[in-house]
Amino acid sequence: MCPKNIDNDIATAKKICEGLLSGNKECLGELVTAYNELFINFARRRLLKSDSLEDVIQSFWEEMLNGRTICAYAHGSKNTATLQTYFIGVLHRRVIDANRKTSRYEEIHRVEENFQETPDQAPTPHNVLTGLASNNLARRLLHQALLRLSEEYPQDATLVRMYLEGLDHRQMAAQIGKRVDAVKKQFTRETTGSLAKFKRVLTHLMQSHGLTYEDIWGK
């Protein structure tokens with residue numbers, strides 16, 4: 001048998017569920033008044049970026065408005081949690097989603113920042129891949145990324161391989177018999193250049209393996 005406070009919460013949830021399903025969105029106001037401040041404080045302490053707090057709380061209450069979440073609690077056959085605990089669980093998942101989006105965004109940009117071009121030459125491995133000589137995970141991941149890139153863009157993969165070996169644009173051009181300006185253009189185009197393609201493959205590999213930049217390079 002459910003504790004008395006859970007019975008009361010179930011009764012409250014059933015009342016609000018019926019109201020929402022009948023189109024009365026104002027009935028949710030009772031819960032907003034009771035829990036909103038608590039939920040704001042809960043989310044604020046756990047979000048990686050504080051400026052996403054308003055969006056997370058708003059999306060949480062918008063989810064409540066459709067009635068499915070509240071009705072699932074109201075008519076659940078094995079309720080062992082209070083309504084507050086149940087809501088905190090839902091909110092926590094929204095916080096996790098927001099943090100994942102933040103992590104993916106920052107991860108992609110950290111990869112891009114680590115592969116910045118100088119005006120006249122490609123950075124050497126010592127500039128880009130600190131400690132790579134002893135980093136088996138980084139070597140393995142880069143090798144996989146180069147293999148994938150070579151399957152679709154073999155010329156780009158060749159340029160990236162030389163780049164990782166520390167060759168600048170002049171040295172790349174000499175090895176493949178092209179003009180320096182042509183190599184630089186092919187390598188550095190913002191979205192279709194060799195380096196941009198490699199970044200996308202590398203980032204996809206990192207995400208598919210559940211790895212972060214810190215996992216690989218220890219930064």
Side-chain angles (χ1 to χ4, degrees), residues 1-113 141 145 148 190-192 196-197 199-216 219:
M1 187 170 179
C2 295
K4 186 175 180 180
N5 60 331
I6 295 181
D7 284 338
N8 292 339
D9 283 350
I10 291 172
T12 298
K14 285 181 177 178
K15 179 182 69 175
I16 294 173
C17 170
E18 292 170 3
L20 290 173
L21 293 181
S22 66
N24 178 20
K25 294 182 178 181
E26 292 181 359
C27 67
L28 191 65
E30 176 182 343
L31 297 181
V32 175
T33 300
Y35 297 119
N36 195 54
E37 186 174 352
L38 171 69
F39 292 167
I40 288 173
N41 290 332
F42 175 89
R44 182 186 289 116
R45 290 193 299 269
R46 290 163 175 80
L47 284 167
L48 294 176
K49 292 184 68 176
S50 58
D51 57 5
S52 61
L53 175 62
E54 184 177 347
D55 288 341
V56 168
I57 295 298
Q58 181 176 336
S59 67
F60 169 80
W61 287 119
E62 287 175 352
E63 181 179 348
M64 295 304 110
L65 279 174
N66 66 38
R68 287 193 295 270
T69 301
I70 295 174
C71 292
Y73 177 86
H75 300 293
S77 59
K78 297 181 180 180
N79 278 326
T80 58
T82 64
L83 189 56
Q84 175 181 308
T85 301
Y86 178 78
F87 280 163
I88 286 288
V90 176
L91 178 59
H92 194 203
R93 290 194 291 273
R94 300 292 79 76
V95 169
I96 291 172
D97 290 342
N99 285 342
R100 283 174 176 165
K101 289 179 182 178
T102 297
S103 297
R104 282 197 295 269
Y105 175 84
E106 292 180 349
E107 191 64 47
I108 290 169
H109 283 271
R110 276 198 295 270
V111 170
E112 291 176 352
E113 288 168 4
L141 194 70
R148 291 196 181 188
E190 185 172 355
T191 58
T192 59
K197 293 173 183 175
K199 288 176 189 176
R200 288 194 292 271
V201 173
L202 179 61
T203 300
H204 178 74
L205 271 173
M206 288 166 61
Q207 293 175 349
S208 67
H209 289 299
L211 295 170
T212 67
Y213 188 88
E214 287 79 7
D215 292 330
I216 299 165
K219 291 183 179 180

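All values below were derived from every heavy atom in this structure, side-chain atoms included, with hydrogens, water molecules and symmetry-related copies excluded.
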(request) With sequence neighbours excluded, give me every side-chain hydrogen bond (donor to acceptor under 3.5 Å, both in side chains) pair touching residues 21-33. (result) K15-E30
(request) List the atom of C17, the atom of H75, and the distance in Å for their closest heavy-atom pair. (result) SG-NE2, 4.0 Å
(request) For A98 and V56, work out which heavy atoms get closest and say how close. (result) CB-CG2, 3.7 Å
(message) Is it the case that the side chain of R200 and the backbone of T191 share a donor-acceptor pair, with hydrogens and angles ignored and the cut-off at 3.5 Å?
(response) yes
(request) Kindly write out the residues that satisfy side-chain contact (heavy atoms from CB on, under 4.5 Å) with R44, not counting sequence neighbours, or none if the list is empty. (result) I40, N41, L53
(message) Contact between Q84 and L38 at the side-chain level, heavy atoms closer than 4.5 Å - yes or no?
(response) yes
(request) Indicate yes or no: at least one non-hydrogen side-chain atom of L31 is less than 4.5 angstrom from one of W61. (result) yes
(message) Quick test of your reading: applying ring pair (Phe, Tyr, Trp, His ring centres under 6.0 Å), list the pairs with at least one residue in residues 8-28, sequence neighbours left out, ordered by first then second residue.
(response) none
(request) Identify the heavy atoms of I57 and F39 that sit nearest to each other, and give their distance. (result) CD1-O, 3.7 Å
(message) If I compare all heavy atoms of L47 with all of V95, which pair ends up nearest, and what's the gap?
(response) CD2-CG1, 3.8 Å
(request) Considering non-hydrogen atoms only, spot the tightest contact between R94 and S59 and give its length. (result) CD-OG, 4.5 Å
(request) Supply the atom-to-atom distance L91 CG to I96 CD1, rounded to the nearest 0.5 angstrom. (result) 10.0 Å
(message) Does either side chain, that of E54 or that of Q58, offer a donor lying less than 3.5 Å from an acceptor on the other one?
(response) no
(message) Could you check whether any side-chain heavy atom of M64 comes within less than 4.5 Å of a side-chain heavy atom of L20, counting everything from C-beta outward?
(response) no
(message) Can you tell me how far apart CZ (R93) and CD1 (I88) are? Round to the nearest 0.5 Å.
(response) 11.5 Å
(message) Among F42, F87, F60, which residue satisfies the ring-ring contact (aromatic ring centres under 6.0 Å, His included) criterion with H92?
(response) F42
(request) Could you label the plane-to-plane angle of the Y86 and Y73 rings as parallel, tilted or perpendicular, counting under 30° as parallel and over 60° as perpendicular? (result) tilted
(request) Measure across L83 and A13 and return the closest heavy-atom pair with its distance rounded to 0.1 Å. (result) CD1-CB, 4.4 Å
